[in-house]
Amino acid sequence: MLVAFAVPLAAGAVLPTVKTAKNTDLGTVLVNSTGRTLYHFTSDTRTKVKCTASCMAQWPPLLVGAGAKPVAGPGISVAKLGTLKRADGGLQVTYSGMTLYRYAGDSKAGQANGEAVGNKWYAVSSAGKIVKPAATPAAGGGYGSSGYTSPSDSGSSTAPGGGYDPNY
């Protein structure tokens, strides 16, 4: 579980909880204080968190300590920044009412490996909207090719999606 605190810096400055950064593929997105991309789980609502228990291992929520408020960094609207009390008692940071999470598959600043996982997890823009990747042409195409691979050609896994369920 990731807990962010307002950390004092020189001359009374504090480390922002949420700021923006430019991502090559997605444009300007929300990131945490160390530059890691922040995501929203579209199954969450403004009042209910659906990512709990084992989900939190892959998608650690961005939290602030009890009594703390999230700190807006460059590019962030203070009015859109808030918190939501989770069922486990934690205070999760929200932006435009959307819960914010990191992705365990992002190992450094600038990565967005969690983007569109399970068609449920998306980066968030400074406007408070989810960011969906630009559509790319399907592989294959061309005359006589639909890009379809029959189940017998798809490898040995019998589990849909290789056995990983990002929807929890």
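Position 1 is the first residue of the sequence, and the numbers go up from there.
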Hey, could you give me the CE/OG distance between Met98 and Ser125, rounded to the nearest 0.5 Å? 6.5 Å
Between Tyr39 and Trp59, is the ring centroid distance below 6.0 Å? yes
Search all heavy atoms of Leu84 against all heavy atoms of Arg46 and return the closest pair with its distance. CD1-O, 3.6 Å
Side chain to side chain donor-acceptor pair (under 3.5 Å) partners of Gln92, counting only residues at least two apart: Arg86
Might you point out which heavy atoms bring Lys19 and Gly35 nearest each other, and give the distance in Å? CE-N, 4.4 Å
To the closest 0.5 Å, what do you measure between NZ (Lys50) and SG (Cys55)? 12.0 Å
For residues Gly73 and Pro16, report the shortest heavy-atom separation together with the two atoms involved. CA-CB, 3.4 Å
List in chain and number order the residues that pass side chain to side chain donor-acceptor pair (under 3.5 Å) with Thr34, two or more places apart in sequence or in another chain; answer none if no residue qualifies. Asn32
Side chain to side chain contact (heavy atoms under 4.5 Å, CB included) with Lys85: which residues, sequence neighbours excluded? Leu91
Who are the side chain to side chain contact (heavy atoms under 4.5 Å, CB included) partners of Thr20, not counting sequence neighbours? Thr28, Leu30, Ile76, Ser126
Please enumerate all residues that pass side chain to side chain contact (heavy atoms under 4.5 Å, CB included) together with Asn113, with sequence neighbours excluded. Tyr103, Asp106, Gln111
Expected output: side-chain Ser96 to main-chain Lys80 donor-acceptor under 3.5 Å: no
Which residue is it: Val131, Val29, Thr42? I am looking for the one with a side chain to side chain contact (heavy atoms under 4.5 Å, CB included) to Tyr122. Thr42
I'd like to check the side chain to side chain donor-acceptor pair (under 3.5 Å) partners of Asp44; sequence neighbours left out, ordered by chain and number. Thr99, Tyr101
Of the non-hydrogen atoms in Val64 and Thr83, which two are nearest, and what is the gap between them? CG2-CG2, 3.8 Å
Heavy atoms only: give me the nearest Ala72-Val78 pair and the separation to one decimal. CB-CG2, 3.7 Å
